[in-house]
Every structure is written in structure tokens, then in C-alpha cells.
2 protein chains.
Amino acid sequence: MAQTQILSRNQQIVLDIIEKAKGPLKAYSILFNVQKKGINAPQQIYRALDKLIKIGKIHKIESKNAFVACTSSNCEISKATAFSICEKCEVVDEVSDAKLSKFLLKFNDKKGMKFKRFNLEFFGLCKRCKIK
Amino acid sequence: MAQTQILSRNQQIVLDIIEKAKGPLKAYSILFNVQKKGINAPQQIYRALDKLIKIGKIHKIESKNAFVACTSSNCEISKATAFSICEKCEVVDEVSDAKLSKFLLKFNDKKGMKFKRFNLEFFGLCKRCKIK
DNA sequence: TAACAAACTGTTATATTATAACAATTATAA
DNA sequence: TTATAATTGTTATAATATAACAGTTTGTTA
Ligand SMILES: [Zn+2]
Ligand SMILES: [Zn+2]
Ligand SMILES: [Zn+2]
Ligand SMILES: [Zn+2]
């Protein structure tokens, strides 16, 4: 079992906001949301984000420069992340699929590179947007 | 056979620089490199980049905000891109593997989303950096 | 070929995302 | 306890990207 990580004040504030959010949050939108709690500078946000990413509590959606809470129970170290992104409504979901991560972590590069980690972003139309 | 795309002057200038580069280039480093050719503003670079991405001549490495020339003969439309990134020397290679892209393009989301496109970034140590 | 539309260009200004650098404080561990 | 690492606060600045406007070139078709 993964030990419950003790977070610092700022880290906890930032994590709470990201976990409550319905979708990916941008760093500066987090900042505006926590100014009442005494966090005033981007650095404070980015430092918390860095730590939260490092311990796998959140992930960065690289194509959107935005951050989401981890919804997979087994990715404390974020070495195998995959997301689905709707190109219309921009909803983002973490894709948690054992076969997929096994396939990718075992994938052998032709150039002799040993992969330690991957990040995968799928794009398409979500169920809702497909219908419309 | 894919028709040879006719590029505009700015698009060709930007593509040439990216193709000649040994690794991923950042937008502003491209800008600094073409100022002698009369391109003075970021917009001109970003517009060319957008077009080149759209037609599959280049790809964006999202985790680095940088751009590389496509080295795969069959990705005019950039719907299935994969890269290997060395975490030490930062060398980037396009991963071109039929099995891999087939597997991912066929991958079925549990939430009923139909994927049209994906981007995959692998991280690790390249052959050279592994030895050292 | 005239005339319209689409794509591209140039330019100025500004928005957004992220890091540097410095000083102080708090938690952890030897 | 002392020192070492992690965290905080703060100001300033760097790096990345887009908005908005006006003009030009290119391609299409009437
Ligand atoms: Zn996760
Ligand atoms: Zn949608
Ligand atoms: Zn390619
Ligand atoms: Zn390397």
C-alpha cells in the first residue's frame, strides 16, 4: 500500500483545488483561486505543482499546459500516464488500462533506448460530442 | 503517393531551419535564426509552424515546447506520433513503428470515446547516455 | 479577364506560462 | 543539538504564444 503522503500547506491547498475541479486547471487559474488563502505568486503555485507531479498526485496535460488530479490508484510515480482529450468540449480523462501500460512499458525501441516512462495523449470526440 | 506540398516563403524558411537542426528547435530560437531573412515577429514563426504541423512536415514535442522535422514517410497528417526523448542529453527521435501505431489507433476507450489521433512521448536514457 | 475568396504577410501590442534569485522559516534526521 | 533538506515568501524577469488590424499575393470561377 502506498503511504499517505504528508503534504505541506501550499501543496494541500493546490491539490484540493485541482481535485475539486471538473477538468484540467491552468496554473494561473489556480493562482487566482487561492489568493484569498494568502498565496500570491506564481512560484508558490509552480512549486506545489512540481511536488504534486513528482509524487503522482496530479499530472500535467502537456498539450494544454494544464493539471489534473490523478484518478488511478496505482500511479504514485507517474511513469505511465495516458489521457483522452475531447477536441470539442475539452473534457479530459485519465486512461487507466493495464494492457496499454504493459504494452508501452515493454515497448522496445529500435535505437536501443530503454524507456523508463511515457506520456500518451489521445484526441477525439467524447461520447457526448460524438452524438451531437 | 503524397503530393509535394508547395510552401510559402516563410513556411519554407522555417522548415529549412528545422530540417537542418540536429534536435528540436524552440519557436524563439527559430525566430532569432531567421531575422537576417527579414522575419521579425513571433507571429510569422508561429503561423508557419502551425501550417507545417497541419501538413505533417513537422511535429511539436509537447513536453519541450519545441519542434522537429518529421522523419517518417507516412505521417502527412500527424495523427499518430510517437517520440523518444533522452532525459539526459535531450536527444529526440521520432518512433516509427507499425505495430505501435496500429495498437494505439485501434485502442478502445472504456468511456466510449473514439480516438482520431494520439501523441506519445517516451522518456529514458539513450544508448550513449546509458553507457556513461 | 474581372472579381471574388482564400491564404499568406507584416506589424504592433499584449496575454499567458514559467523560472531566477534571494532571504527567511520550518521540518527531519544524525 | 546542530546541520541538512524542504518549504515559504517575494520581486523581478524570461520564455512562450496569441490578438487584432491592414495590406498583398494566389487561386478560382463567372
Ligand atoms: Zn494517474
Ligand atoms: Zn466532448
Ligand atoms: Zn512524423
Ligand atoms: Zn542521451
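Small disclaimer: the values here were computed from a predicted structure and weren't measured. Below, chain A is the first sequence line, B the second, and so on; all start at residue 1.
- Below the 3.5 angstrom threshold, one finds no donor paired with an acceptor across the side chain of Tyr28(B) and the base of dA14(D).
- At a cut-off of 3.5 angstrom, the base of dA18(C) holds no donor-acceptor pair with the side chain of Gln43(A).
- Using cut-offs of 30° and 60° on the angle between ring planes, the pair Phe122(A) and Phe118(B) is perpendicular.
- Distance Ile61(B) CD1 to dT16(D) P: 15 Å, rounded to the nearest Å.
- Taking atom CG on Leu25(B) and atom C1' on dT16(D), their separation rounds to 15 Å, with Å as the unit.
- Distance CG (Asn65(A)) to P (dT16(C)): 13 Å, rounded to an integer number of Å.
- Within the 3.5 Å criterion, the main-chain N or O of Val95(A) finds no donor-acceptor partner in the side chain of Lys110(B).
- Going from atom CD1 of Ile85(A) over to atom CD of Glu121(A) covers 4.0 Å, rounded to the nearest 0.5 Å.
- With rounding to whole Å, Arg47(B) atom CZ is found 11 Å from dA7(C) atom C1'.
- Gln44(B) comes within contact range of at least one nucleobase, with a heavy-atom separation under 4.0 Å.
- With hydrogens and angles ignored, the 3.5 Å screen pairs no side-chain donor or acceptor of Lys111(A) with any backbone N or O of Asp93(B).
- The phosphate of dA7(C) has neither OP1 nor OP2 within less than 4.0 Å of any side-chain N or O from Ser8(B).
- Arg9(B) comes within contact range of the sugar-phosphate backbone alone, with a heavy-atom separation under 4.0 Å but no base atom that close.
- For the pair Gly38(B) and Asp50(A), nearest-nucleotide mapping onto DNA chain C gives the more 5' position to Gly38(B).
- Axis angle across the helix from dT1(C)-dA30(D) to dA30(C)-dT1(D), with five pairs used at each end and values rounded to 10°: 40°.
- Summarising the geometry, the separation between OH on Tyr46(B) and P on dT14(C) is reported as 19 Å, rounded to the nearest angstrom.
- For Lys54(A), no side-chain nitrogen or oxygen approaches OP1 or OP2 of dA6(D) to under 4.0 Å.
- Listed by first and then second residue, the salt bridge (Lys or Arg N to Asp or Glu O under 4.0 Å) pairs involving residues 8-24 of chain A amount to none (not counting sequence neighbours).
- Atom CG in Leu31(A) sits roughly 16 Å away from atom P in dA15(C) (whole-Å rounding).
- In this model, the phosphate group of dT16(D) is approached by a side-chain N or O of Lys26(B) to a distance below 4.0 Å at OP1 or OP2.
- With hydrogens and angles left out, the side-chain atoms of Ser63(B) and Glu62(A) include no donor and acceptor closer than 3.5 Å.
- Gln11(A) places its CD atom 11 Å from the P atom of dA6(D), with the value rounded to the nearest Å.
- Using a 4.0 Å cut-off, no side-chain N or O of Asn10(A) falls inside it from OP1 or OP2 of dT7(D).
- Residue Leu52(B) contributes atom CG, which lies 14 Å from atom C1' of dA7(C) at whole-angstrom precision.
- Contact annotation: the side chain of Glu94(A) approaches that of Cys70(A) to within less than 4.5 Å [non-hydrogen atoms, C-beta and beyond].
- For the pair Lys60(A) and dA18(C), the criterion of a side-chain N or O lying under 4.0 Å from OP1 or OP2 is met.
- Using modelled atom types, one finds a donor on one side chain and an acceptor on the other under 3.5 Å when comparing Thr81(A) with Asn119(A).
- Dashed line: the shortest gap from a side-chain N or O of Asn40(B) to OP1 or OP2 of dT11(C) is under 4.0 Å.
- Heavy atoms of Lys64(A) sit nowhere under 4.0 angstrom from any nucleic acid atom.
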